[in-house]
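Remarks on the structure that follows.
Lettering follows sequence order; numbering is per chain, from 1. Just so it is clear, the structure is predicted and the values come from calculations on it, not from any experiment. Excluded from the calculations below are hydrogen atoms, water molecules and symmetry mates; all remaining heavy atoms, backbone and side chain alike, are included.
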2 protein chains.
Amino acid sequence: MPYSISDLAKEFDVTPRAIRFYEEQGLLNPERRGQTRIYSPSDRVRLKLILRGKRLGFTLEESRTLFELYDPSSGNRRQLETMLETIDRHRTHLAQQLHDIQVMMLELDEAETRCARALEAAGSAENNKNIASTEG
Amino acid sequence: MPYSISDLAKEFDVTPRAIRFYEEQGLLNPERRGQTRIYSPSDRVRLKLILRGKRLGFTLEESRTLFELYDPSSGNRRQLETMLETIDRHRTHLAQQLHDIQVMMLELDEAETRCARALEAAGSAENNKNIASTEG
DNA sequence: CAACAAGTTGACGTTTACGTAAAGGGAAGC
DNA sequence: GCTTCCCTTTACGTAAACGTCAACTTGTTG
C-alpha cells in the first residue's frame, strides 16, 4: 500500500527531484522511515492533483491553496468567505479555459484540413513527377 | 485601424514590455514608423492568440509553431506530416485538459458545498452567541 | 565484506517570461 | 525653448520549477 519516491516518479512520469520539490513547497508531507520517504495512497492522490493542476497551468502555490479547500472545517468565517471567493475565481478561470479549448479545437480542425489539402497537392505533384519519370 | 503598443497593452492587460518580448521571440512583426511600432489588426489577432495560448499553458515557442500551422502552403511533404502530428498532439493535450477541467469543476462544486456548510455552522454558532448576548 | 542500487540533503545552474531601471529620441503643448 | 509623454534599446534582475552534480547513508546481493 505505501509507495517509494521512485514508485510514484515512475507512475506519473516525473523525477524524484520534482516530488521532493513539491514537498519542500508544502504540497506533500509523506511519512519517513528513518530518512526515507514513504508515500501513502492519499499522498499519491495529492501528487495526482498537483500534476492535474500543472496541466491546467496552476502554479504550485495555487494548487496548495486549492488543497486547503478540502478542509473548510479548519477555517473561521473570514477564511471561509475567502475560500468561496477562491472557488469562484477558479470557476471563472476554468470556464475561460473551457471556451479557449473549444475554439482552439475548431481551429485545429481547420488547420488539419488545410494541411491535408496541401499534402494532397504535394502528393499529386509528386505523382506527376513519378508519372513523368515513369514516362521517361 | 493601427494600434500603438500601449493601445494593445491596455486592451489585453499586458505590459508593453511583454509585447516587445513576444516580438523578440519571433511571435510578432509589427511595422515601424521610424523606431515606433505600429500594430495592424492582424498583429492584434496574433497577440490575442498568444495570450489564449498562455491561458492554456502553452509556451511562447509552442504558440509560435502553432502559428506556422496557419500557412501550410509553405511546407514540403515532410513538414506537412510534422504539422499533422503537431495538430494531433495538441488535440490530445486539449482533450486531457478538457477532462481535467470537467473533473475539477465538479470538485469545486463539492468544495463550495463544504464551505457553505461550514459557514452555516459558523453562522449558527455566531447566532447562538448573539442570542446568548441578547438574552444576557 | 565489497560493491551496487536507491535513498538523502545541500547547493548551485537553467529555462521561461517577463520586470525594472538607465539612457535617450521625437512630437505636443505652454 | 523647456517640459511632458510616449516611445525606443540595452542590460541586468527575478520568480517558478525544477535539473544537475556532489557527498553521504542504508539496505542487499554476490
So does S6(A) get a side-chain nitrogen or oxygen closer than 4.0 Å to the phosphate oxygens (OP1/OP2) of dG7(C)?
yes
Apply the salt bridge (Lys or Arg N to Asp or Glu O under 4.0 Å) test between E23(A) and each candidate in R64(A), R32(A), R17(A); give the one that qualifies.
R32(A)
Rounded to whole angstroms, how far apart are CZ on F58(B) and C1' on dC18(C)?
20 Å
Report yes if a side-chain nitrogen or oxygen of R20(B) is closer than 4.0 Å to either non-bridging phosphate oxygen (OP1 or OP2) of dA17(C); otherwise report no.
no
So does E107(B) pair up with R114(B), basic N to acidic O under 4.0 Å?
no
Would you mind reading off the distance between E24(A) atom CD and dA16(D) atom C1', rounded to a whole angstrom?
12 Å
Is any side-chain N of the basic residue among D100(A) and R52(B) closer than 4.0 Å to the acidic one's carboxylate O?
no
Considering only nitrogen or oxygen atoms on both sides, find all protein atoms under 3.5 Å from nucleotides 19-24 of chain C and state each distance.
{"residue": "dG19(C)", "atom": "OP2", "partner": "T15(B)", "partner atom": "OG1", "Å": "2.5"}
{"residue": "dG19(C)", "atom": "N7", "partner": "R17(B)", "partner atom": "NE", "Å": "3.2"}
{"residue": "dG19(C)", "atom": "O6", "partner": "R17(B)", "partner atom": "NH2", "Å": "3.0"}
{"residue": "dT20(C)", "atom": "O4", "partner": "R17(B)", "partner atom": "NE", "Å": "3.0"}

Output the rounded distance in Å from CG (L47(A)) to P (dC18(D)).
11 Å
If I take atom CD in residue Q25(A) and atom P in nucleotide dA17(D), what distance separates them, rounded to the nearest angstrom?
7 Å
In whole Å, what is the span from the CZ atom of R32(A) to the P atom of dG7(C)?
13 Å
For the pair R37(B) and E31(B), find out whether any cationic side-chain nitrogen is under 4.0 Å from an anionic carboxylate oxygen.
no
OP1 or OP2 of dC18(D) under 4.0 Å from side-chain N/O of K54(A):
yes
Whole-Å distance between dT26(D) P and I38(A) CD1?
15 Å
To the nearest Å, give me how far apart CG (D13(B)) and C1' (dC18(C)) are.
15 Å
Any S4(A) side-chain nitrogen or oxygen under 4.0 Å from OP1 or OP2 of dG7(C)
yes
Starting at atom CG of L27(B), determine the distance to atom P of dT16(C), rounded to an integer number of angstrom.
13 Å
